[in-house]
Each structure stands twice: as structure tokens, then as C-alpha cells.
Participant: 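One structure, pasted below without further comment.
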Amino acid sequence: MGLPSGAMLAWLDALAADGLELHGFTLLCSGRVLAGGHWFPYVPGRVHHLYSLSKAFAAAGAGLLIHEGRLRLDDRVVDFFPDALPEVVGGHLRAMRVEDLLTMRTGHAADTTDVLYAAGEEDWVRAVLAQPVEFTPGTHFVYNSGASFLLSALVQRVTGQTLLEFLTPRLLDPLGIGEAAWPSNAQGVDLGGWGLHLRTGDVARFGQLLLNRGRWQGRQVLAPAWVDAMSAAHVPPGTNPGDGNSDWAQGYGYQLWRCRHGAYRADGAFGQFCVVMPEQDMVLAVTAGVGNMQRVLDHTWTHLLGRLQPSPLPPSPDEEALRVRCAGLTLDVPDLLDPPPLRDVQAQFVFDPNGEGWESAQLTVSGGRGTLDILGATPHTVPFRLNGWQDGRITTWGVNVALTVRAGWQADGALVLTLLLIEDGARWEVRWAGPGAALTVQLCAPHYGEDHTLSARASTLGA
């Protein structure tokens, strides 16, 4: 297809050299898979939180409603929610249109996501509509997940179905996306701006649909004009923060970002990407847990686009090296003694005051298995086995999520646990150096901006 296998290897090397933690990727060219893989224990069949990449699916939902004649771009938002309006409806709020939600030009001066979280179990639509609309809608861009949530609420108000229910027969089923999850708020409205969980390959399928201007295997799933509108720069380049070398300064469409090199993308926090490259007939889907998203794109432009050739290439030894590399991708985790020493442990700890509400912990190891119990506002019980990954579930941030744990002893005598919120991309590292030592829990970047470590001093010990 004109892309050297060595270019893919260089891309993988560059990501690793920068410490960028990818969980999975799929690269398509002319609809064919050029390369793909997952860093074990992430696997192709497991869904991954897409964070704000979800917004592109909310835009697709609006486009389908418009195509069905049930919605118009210039419909006023207030007309859909007469029961959730503030006592005084200002002129700017009254002027807000559906298209202003799509382009993030609602007139708000700041993102309203915090308003949604603060509303808790109260009506989120009412909470957003109560916020001051300082600018004339359509004139001022601010990235605003509250706007995407209103798109989801709007679809539900028009159809009587959640956004996911509405999209499933119209978009997901035609693409062969069988497993999807989208959490909703207390009123049963899908979050819209984040929360959608899909497989990496499903993201690639969605990207190919966009590249094909809404067509999939002979069926027109999205209107071509709607895909064109989604990917156009309604917000001009330079409006967003950053300089000309930033892929966040190239313009904004309908819940999609423009990129350099004529590309565009849906993206989500911590490195979730659906990059569509029409000039190269390519799509790159990535799920990840990275802090510097721009570096992922930089390496993509340098190593993939920069080495793409206009004609087929002769066979290369790099082809087999790339197959082996993609098949053997593994997450970078601490080295463990193998076989593991069998040491029985019963240790208790008390946490210093912390923002997680954790108060105490108990670590138990017997034979080849163990348990970490954390007590506090939300108790956690984490079972594990030595030198192997074990699946479970845990409640964190008020949500019950999938957990995968690996534990074992290191050469210096420390017991270390790697905890992956395997469908949400977050990572914790737990370390205990032995009797009398503190227990440390490192809440790893990028989810906390920087590495954040909690410490629990030893309370009573037994071994």
C-alpha cells in the first residue's frame, strides 16, 4: 500500500521512547488493515472509554435526525426543553440553535462540564440552561462538553430513546459494532460528551465510514453532506489555543477537530483518536492512556504520512518484524521475580489525609494469592494472584468499573501491584517494601495531570 513496514516500526519506537502508553491501534488504508495491535493485557475484544471522542457519535445522532426530517440546524434549543428553562430566558439563550451546540459556539464563556457534575442527581439540562450565556451564540468558541450533553438530551427528547438506543440500529449495527456502553445521568440521559465505550476496531470502522462520506459496504449510513459538514472548519483555524503547529489550532467542525495535512479527527482525553486522512485514504484509530496527545499526532505525521509512497513497495524483511512486534505488544509494567517467592503477609496501614477519602488498608498474601482491602468513603477489595493478571471489578468515582490486577515480588524484596481500570485507561501502582514500611499508592498520569502518590504508614504487621 506504499507504507514501509519500517515506518510503522519507527512510529512504535517513537511512541515508546516518549513513554506514551498506547493500549491499542488500528491503521487502515483504502479500507484494508495495514497494521494493528494491543498492548497486553489490553485485547481487541475489550471495550475502552473513548472520553470526548464520544462527541462525534453525538454529532452523528443529530445528523441522522436531520436526515429524517425531525430536526433542523436552526431549531432553537429552548424550544425542546420548555420544562427546564430558567425563570428569565435571556436573549442569548433564546437565540441558541442546534448548530451552536454542534460547533461549541453556544455563547458560554467557559466549559459547563463542572456544572453537570455539581448538579449530581438533579436535572442536568436545567443546570446547563441556567448558566449565563455571555456571548451571542454562533460568535464565540469554547470547548464545552455541556453542549454535547444537550445534543444527547435533544435526541432523547425528540425520539423518546437514549442516544445509544437511537444510534444502534441506524449506525452501530450497520458497522458491525456489537458491544457498546454509554453511561447515563440520573435522568437516564446518555452523557453525550463522554462515556461511550467501544473497541479500538470499532473506532476504526467509524473512521472509515467518515472517510467514505457516510457509506459502508454499499449502504449509505450517514448523508454525505452531513459528513462534509461534520469535518469542515466552521470555527476558523487560529480560534483555538495554540500556534500553527498545534493540531488544536486548525479549526473545529461538528464535534470534530481539523488537523494539519488536510486530516481531521475525533479525539478524547488521554489519547483516544479517530484520525481520518482523506488525502492518503487512511484512518488511524488509537485507544490509550497518554498525557501528551499532540506527540501521538506528531509521530503520526512524521513516521506514517512522512514516509508514505505513491506506489507499491517491494517486499522487505521489516514486514515479518512488524508482524512479530504487533503480535507481541505488552504494557510496560514492573519486573517481577519468576517464579514468585511464596511469602505469607498480613499487614495493616493507616492513610494520611487524602482527597480520595481513603482511611486504612490491609494487605494479605497467602501462597500464590492475596487481597488488598482499602477502607474509607468507598471501600475497595482487590483480589490478586502473583505473577499473573486477574480480572475483577471496583467502584471508583462512583462507578463500578472493570479492573485487571497483576502482583508480585521484586528483586529488592518489595511487593508491587499494577491495577488497571482496564476499560477506562487509568492505572494505579501499589508498592510495599516489607515489614515496617509504608504502603504507597501511585495514581499514575495522565488521569491526575501528574503522578500523585498516597502513603499509608504501617499500623500492625504480621508475617
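Heavy-atom basis, side chains included; hydrogens, waters and symmetry copies ignored.
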Participant: Look at the side chain of Asp344 and the backbone N and O of Gly367, then say whether any donor-acceptor pair between them is shorter than 3.5 Å.
Facilitator: yes
Participant: Between Asp13 and Arg325, is there a salt bridge with N-O shorter than 4.0 Å?
Facilitator: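 So Arg325 pairs with Asp13 through a salt bridge.
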Participant: For Arg199, is there an ion pair with Glu179 - N to carboxylate O distance below 4.0 angstrom?
Facilitator: no
Participant: By the definition side-chain contact (heavy atoms from CB on, under 4.5 Å), identify the one residue from Met293, Gln294, Arg295 that meets it with Leu297.
Facilitator: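 Exactly one option meets the side-chain contact (heavy atoms from CB on, under 4.5 Å) with Leu297, and it is Gln294.
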Participant: For Ser184 and Leu191, work out which heavy atoms get closest and say how close.
Facilitator: C-CD2, 4.0 Å
Participant: Scan side-chain atoms only and decide if Gln348 and Ser360 contain a donor-acceptor pair under the 3.5 Å cut-off.
Facilitator: no
Participant: Is there a donor-acceptor contact under 3.5 Å linking the side chains of Thr26 and Thr200?
Facilitator: no
Participant: In this structure, which one of Phe149, Phe270, Trp182, Tyr117 forms a ring pair (Phe, Tyr, Trp, His ring centres under 6.0 Å) with Trp194?
Facilitator: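 By the ring pair (Phe, Tyr, Trp, His ring centres under 6.0 Å) criterion, Trp194 pairs with just one of Phe149, Phe270, Trp182, Tyr117: Tyr117.
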Participant: Salt bridge between Arg427 and Glu429, side-chain N to carboxylate O under 4.0 Å?
Facilitator: yes
Participant: What distance separates Asp247 CG from Arg265 CZ, expressed to the nearest 0.5 Å?
Facilitator: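 Reported to 0.5 Å precision, the distance equals 5.5 Å.
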Participant: Is a donor from one side chain sitting under 3.5 angstrom from an acceptor on the other, for His48 and His23?
Facilitator: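 Checked: His48/His23 side chains pair up, N/O donor to acceptor below 3.5 Å.
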Participant: For residues Trp301 and His261, establish whether the separation of their ring centroids is below 6.0 Å.
Facilitator: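 Yes, close enough.
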Participant: Within the distance-only criterion (no hydrogens, no angle test), does the side chain of Lys55 pair as donor or acceptor with the backbone N or O of Gly193 below 3.5 angstrom?
Facilitator: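 Here the side-chain-to-backbone pair exists.
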Participant: Parallel, tilted or perpendicular for Trp226 and Tyr254, by the 30°/60° rule?
Facilitator: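 Trp226 vs Tyr254 ring planes: tilted.
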Participant: Is it the case that atom CG in Asp412 sees more than 12 heavy atoms from other parts of the structure closer than 6.0 Å?
Facilitator: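 Yes - once you tally the heavy atoms of other residues, nucleotides and ligands closer than 6.0 Å, there are more than 12.
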Participant: Do other residues, nucleotides or ligands put more than 12 heavy atoms under 6.0 Å from His67 NE2?
Facilitator: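 No, not enclosed.
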Participant: How close do Leu329 and Phe25 get, heavy atom to heavy atom, and via which atoms?
Facilitator: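 Taking every non-hydrogen atom into account, CD1-CE2, 4.2 Å.
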Participant: Do Asp391 and Thr404 get their side chains close enough for a donor-acceptor pair, meaning under 3.5 Å?
Facilitator: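 There is such a pair (donor and acceptor under 3.5 Å, judged by atom type) between the side chains of Asp391 and Thr404.
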Participant: Keeping the roles fixed (side chain from Asp228, backbone from Ala232), state whether a donor-acceptor pair exists under 3.5 Å.
Facilitator: no
Participant: What distance separates Glu99 CD from Ile66 CD1, expressed to the nearest 0.5 Å?
Facilitator: 8.5 Å
Participant: Where do Met277 and Ala263 come nearest, in terms of heavy atoms and distance?
Facilitator: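 So the minimum-distance heavy-atom pair works out to CG-CB, 3.8 Å.
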Participant: Kindly say whether the aromatic ring centers of Trp257 and Phe273 come within a distance under 6.0 Å.
Facilitator: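 Not close enough - the centres of the two rings lie 6.0 Å or further apart.
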Participant: Can we call the ring centroids of Phe206 and Phe57 under 6.0 Å apart?
Facilitator: yes
Participant: Is the Lys NZ or Arg CZ of Arg205 less than 6.0 Å from the centre of Trp216's six-membered ring, within 45° of the axis?
Facilitator: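 Geometry flag: not set, cation outside 6.0 Å or 45°.
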Participant: Does Asp335 have more than 12 heavy atoms from other residues, nucleotides or ligands lying within 6.0 Å of its CG?
Facilitator: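 Atom CG in Asp335 is not packed in, count stays at 12 or less.
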Participant: Taking the six-membered ring for Trp, are the ring centroids of His234 and Tyr252 within less than 6.0 Å of each other?
Facilitator: no
Participant: What I'd like to find out is whether the side chain of Leu417 reaches to under 4.5 Å of the side chain of Leu419, using heavy atoms alone.
Facilitator: yes
Participant: Mind checking side-chain hydrogen bond (donor to acceptor under 3.5 Å, both in side chains) for Gln390 and listing every partner two or more places apart, or none if nothing turns up?
Facilitator: Arg369
Participant: Quick one: CG on Leu175 to CD on Gln217, what's the gap to the nearest 0.5 Å?
Facilitator: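 Between atom CG of Leu175 and atom CD of Gln217 there are 8.5 Å.
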Participant: What pair of heavy atoms forms the shortest contact from Gln156 to Val189, and how long is it?
Facilitator: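 Heavy atoms of Gln156 and Val189 come nearest at OE1-CA, 3.5 Å.
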Participant: May I ask you to say whether Asp281 pairs ionically with Arg32, meaning some side-chain N is under 4.0 Å from a carboxylate O?
Facilitator: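 The answer is no: the pair does not qualify as a salt bridge.
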Participant: Measure up the His380 and Trp428 rings against each other and bin them: parallel (under 30°), tilted (30 to 60°), perpendicular (over 60°).
Facilitator: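 The rings of His380 and Trp428 stand perpendicular, inter-plane angle above 60°.
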Participant: Any donor and acceptor pair, going by atom type alone, linking the side chain of Arg46 with main-chain N or O of Leu198 inside 3.5 Å?
Facilitator: no
Participant: Between Asp190 and Ser152, is there a side-chain donor-acceptor contact under 3.5 Å, judged purely by atom types and distance?
Facilitator: no
Participant: Classify the angle between the aromatic ring planes of Trp432 and Phe349 as parallel (below 30°), tilted (30 to 60°) or perpendicular (above 60°).
Facilitator: perpendicular
Participant: Using 0.5 Å steps for rounding, measure from the CE atom of Met8 to the CG atom of Leu27.
Facilitator: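 Going from the CE atom of Met8 to the CG atom of Leu27 covers 5.5 Å.
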Participant: For residues Gln410 and Arg431, is any side-chain donor paired with an opposing acceptor at under 3.5 Å?
Facilitator: yes
Participant: If the test is side-chain contact (heavy atoms from CB on, under 4.5 Å), which one of Val203, Leu305, Leu28, Thr300 qualifies with Leu284?
Facilitator: Thr300
